[in-house]
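Just so it is clear: chains get the letters A, B, ... in the order the sequence lines come, proteins before strands, and each one is counted from 1. In what follows, every heavy atom counts, from backbone to side chain, and hydrogens, waters and symmetry copies are set aside.
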Amino acid sequence: MISNDTALMAHLLRRAGFGANRDELESYLEIGYDGAVEALLNPSDPGNMPDDLIRRYHVEQSELRDLPGSSAYWMYRMISTSCPMEEKTALFWHGLFATGYSKLNQARSQLNQVEMFRRSGLGSFEDLLVELSKDPAMIVWLDNNENHGASINENYGRELLELFSMGIGNYSEDDIKGCARAFTGWTLGNAEYMSVRAAKDSIWPYGRIAWHFDYREEDHDDGEKTFLGETGRFNGEDIIAIIVKQEATARFVATRLFQFFAADEITEAGEKTIEAMMATYFSSGYQIRDMLRTLFHSEYFKSEEARFARVKGPVEMVVGAIRMAGNYQDPYLGIEKVADTMFFMGQGLLRPPTVEGWHEGAEWIDSGALVERVNFVAKELSNVSSPGVRSIIERLEAGADQGVLQPSELADGCLDLLGPIQVSEETRSVLVEYASRHGDLDLNDHQPGDQAEQRVGDILRLVAATREYQLA
Amino acid sequence: MSTQTKSSEIVLDYVKTIGIVNNGYNGRGFANPYDIAVGGDGRIFVLNRCDPARASAIRVGICNLEDEYLGEFGRGFGAGDEQFVWPVAMVLDNRHRLHITDEHNHRVTTYDTSGDTSGNASAKYLSHWGKPGTGDGELNGPAGIAVDSSDNLFVVDQHNSRVQKFTSDGKFIANWGSFGGGDGQFNLPWGAAVDKDDNVYIADWRNNRIQKFTNDGEFLAAFGNSGEGEGQFQRPTSVAVDPEGFIYVADWGNERVQVLGPDGSFQMILRGEATVSKWAEAYFDSNPEEKAERDISNLKPELPAHLNTPYHISSQTEPYFWGPVSVSLDREGRLYVTETNRHRFQVYQKR
């Protein structure tokens, strides 16, 4: 069993981050696997591109009125953070508690929700559900601003149970009503005016007005309710306290975490891991961080079975390639178009298709999306002027015998430095054959952008097109 | 809302708000305005930086204090004549020529605005000058720009960490500054101003201070440091100095304007108090249902603790400045505060 080797660390960083270049990998290896798990699960200063710089050059990311600049703003954070698990966690909850721009027309408040996921996404699931229920973007997305004491709207109450906690089959229609009644009065400030503006997509007269939570006691149904067998004058917090006690909730949360951070398919060994995560859920007081710690330390997660067992989502794909290439570390004219590529691959930040989020796993891949994925990554990784690619070239040179690499060494070196990535023998032989076309690679006296360097870029480009590179 | 020290020697009265977001491509309204220059004839030139979706409409709009929209000029996004990519600031010289910096094209574009000053006003394109580089007269991200009584131009060369002095035709005269936090050093400087004695003031953006120099670049003083208190700044973007020597600072990161005395002493804070502009009134006349809901709303709400930052407060409090990127003065003692994120400017009158 491998414990602290490079491949295992790379596996962890593909799941708890967006992959890692060799410098990052080595710095995590210095603190060991256990230390890396703790560092990832306890984010400190992310050191990401600061807001003042972003706002100075990108007026659209200062105002955050429209979708393109707003998704680019989050992408900047993902590509420049030194706490990738924080962003990965936010992305996980964004997919699970899917809230979309199409109805809200309010990107600033969506990004406030993302910030809430950063702040609370690794803490108590109970606290997270309370924050989610108070989140103005969620309130408008699922119509809780229309949920009044005298006339309930069940939409949020229903989805809270079905899509956000227990899953269908674990509650009755009466439970939904009780749940909805408990959340009456949970709305946003100036709800009526903001609703009119959202419905009309009004930006007048002075741009958008961001949202905040407001509790209207006079609109709350304070009467007795029965929910999942318990009776009382429940408010929203009481309902959530009952929800999180349910075994169905533990299974729901553990399963979704497993499928996002471990594997698309659940095998027998995977099922045992989920059960261990469920046990941690209860023993820790519903702490997400502890559940993930259980996952990352599980035999299953460390096993070969879990390696490359997920299809990379488009955001992982794009952000991972950019981080590997080391690009866009400063404000960049046209960054919103880069962010748009994720949408064309099927996963636009802040615009999940429905309240159910994205259909993940193999459904990320269709012929159109595959072309987009390969083209984007190939372009990033074949640009030998990119700092990350230059670093790969320098490492290849340092490992070469007298500066010369045989074709197999070139192919293996690129696979190693991009991951390490495990590929089939058939894939490897194609890479080696391609590398052989121009014989050995002489990196002595190589110059930026010369033919020798471009040969490295060509192999990296080819790796991007492999089946294995599509997997995390 | 404003706060003034008890010993404050200056009083500013709110006058009005002009503007409305322009979601189209041209015409009345503003799109992420970045600077204002006010002509002696009362014309107000508003530089529209525009977001990427509306970049083809990057332009200078013209209006006046009577809320009349008089016209516009500029040919949108690009590197051709009269085109811009990331325009930052502008200044009118004594011959009514308007000089506009572009931090992406690394150049200054000049128009003659002395022609038609009434009715359908516009401006005549003259030239653009400057090229990217680090040598004397070369530019790397020109930001703020100011003019002295002799029509010399001072261009803040942000990425070269210096100020460059040119003739109004763009001929290099001198430069000073280097990267750092010491006297006469800069960290991504932005705005510039000149006082009645031709001293030069620079908004030293990432050092959170205003620096004052002689006309030849000799360091005289520095005002402010990092923070949210009185006389402290968070990324000051713009500076203006009135004939009495009062210094107006766009304290952008704190979403406010501060006024300092001639000696740099704190005088007052403006947080903004925008009202419905005449153009906005026309919008609400056509959208009465939206107006009805607005009228019963509280546009100065109390916010949850996690949103208690100047940026978040401004994003939810429409009357306050949001993105106050520029302060400009006219000859009548009026202050114009340009708000990028609210597509408008607020006008104050000095008593």
**Prompt:** Side chains of B:Gln158 and A:Arg56: is there a donor and an acceptor less than 3.5 Å apart?
**Reply:** yes
**Item:** Under 4.5 Å from a heavy atom of chain B, the part of A:Pro50 involved
**Value:** side chain
**Fill in**
Here the gap from B:Leu299 atom CG to A:Asn190 atom CG, rounded to the nearest 0.5 Å, amounts to 6.0 Å
**Prompt:** Say you draw a straight line from OG of B:Ser297 to CZ of A:Arg197; how long is it, rounded to the nearest 0.5 Å?
**Reply:** 9.5 Å
**Message:** For the residue pair B:Thr340 / A:Glu63, report whether a side-chain donor-acceptor contact shorter than 3.5 Å exists.
**Reply:** no
**Asked** Would you find more than 12 non-hydrogen atoms of other residues, nucleotides or ligands less than 6.0 Å from B:Glu289 atom CD?
**Response** yes
**Item:** Side-chain (B:Gln316) to main-chain (A:Trp211) donor-acceptor, under 3.5 angstrom
**Value:** yes
**Item:** Exam field: side chain B:Tyr311 to backbone A:Ser62, donor-acceptor pair closer than 3.5 Å
**Value:** yes
**Message:** Checking A:Tyr206 against B:Arg344: is there a side-chain donor and acceptor pair closer than 3.5 Å?
**Reply:** no
**Message:** Just verifying a value: how many Å separate A:Asp52 CG and B:Thr237 OG1, rounded to the nearest 0.5 Å?
**Reply:** 12.0 Å
**Asked** Any side-chain heavy atom of B:Pro52 sitting closer than 4.5 Å to one from A:Lys337?
**Response** no
**Proximal component of A:Lys200, with respect to chain B [non-hydrogen, under 4.5 Å]** = side chain
**Message:** Pair A:Asp214, B:Glu302 - check side chain to side chain contact (heavy atoms under 4.5 Å, CB included), show working.
**Reply:** CA-CA 10 Å; A:Asp214 188 34; B:Glu302 294 290 322; over 6 Å; no
**Request:** Below 4.5 Å from any heavy atom of chain A, which atoms of B:Ser277 appear? Answer side chain, backbone, both or neither.
**Result:** both
**Request:** Compare every heavy atom of B:Glu290 with every heavy atom of A:Tyr193, then report the nearest pair and how far apart it is.
**Result:** CE1-O, 3.6 Å
**Under 4.5 Å from any heavy atom of chain A - which part of B:Phe284** = side chain
**Message:** With a sphere of 6.0 Å drawn around OH of A:Tyr332, does it hold more than 12 non-hydrogen atoms of other residues, nucleotides or ligands?
**Reply:** no
**Side chain proximity check, B:His104 to A:Tyr57, heavy atoms < 4.5 angstrom** = no
**Message:** Quick check: B:His343 with A:Trp204 (ring centres under 6.0 Å apart)?
**Reply:** no
**A:Val59 side chain reached by B:Val325 side chain, heavy atoms, under 4.5 Å** = no
**Asked** How about A:Gln329: does its CD atom have over 12 heavy atoms from other parts shown lying under 6.0 Å from it?
**Response** yes
**Item:** Interchain contact, B:Val88 with chain A, by part (heavy-atom threshold 4.5 Å)
**Value:** neither
**Prompt:** Is the number of heavy atoms from other residues, nucleotides or ligands under 6.0 Å of B:Lys291 NZ greater than 12?
**Reply:** no
**Asked** Which atoms of A:Arg119 come close to chain B, meaning under 4.5 Å heavy atom to heavy atom: side chain ones, backbone ones, both, or neither?
**Response** side chain
**Prompt:** Side chain, backbone, both or neither: which part of B:Ala143 has a heavy atom under 4.5 Å from chain A?
**Reply:** side chain
**Asked** What part of B:Arg294 lies closer than 4.5 angstrom to a heavy atom of chain A: side chain, backbone, both or neither?
**Response** both
**Message:** Counting C-beta onward and ignoring hydrogens, is there a side-chain heavy-atom pair between A:Arg108 and B:His312 closer than 4.5 Å?
**Reply:** yes
**Asked** Is chain B contacted by the side chain of A:Asn112, its backbone, both, or neither, given a heavy-atom distance below 4.5 Å?
**Response** side chain
**Asked** Rounded to the nearest 0.5 Å, what separation is found between the NE2 atom of A:His212 and the CG atom of B:Leu303?
**Response** 5.5 Å
**Message:** Within this structure, what is the CZ-CG distance for the pair B:Arg235 and A:Leu53, rounded to the nearest 0.5 Å?
**Reply:** 7.5 Å
**Prompt:** Can you say whether the rings of B:Trp86 and A:His58 are parallel (under 30°), tilted (30 to 60°) or perpendicular (over 60°)?
**Reply:** perpendicular
**Item:** Region of A:Glu192 that comes under 4.5 Å of a non-hydrogen atom in chain B
**Value:** both
**Request:** Might you confirm whether atom NZ of A:Lys379 has over 12 heavy atoms from other residues, nucleotides or ligands at distances under 6.0 Å?
**Result:** no
**Prompt:** Non-hydrogen atoms of chain B under 4.5 Å away: do they reach the side chain of A:Leu333, the backbone, both or neither?
**Reply:** both
**Fill in**
The interface call for A:Val196 against chain B, heavy-atom contacts under 4.5 Å, is side chain
**Residue pair B:Asn341 / A:Arg208, side-chain donor-acceptor N/O under 3.5 Å** = no
**Message:** Salt bridge or not between B:Arg54 and A:Asp66? Use side-chain N to carboxylate O under 4.0 Å.
**Reply:** yes
**Item:** Contact class of B:Trp190 relative to chain A, heavy atoms under 4.5 angstrom
**Value:** both
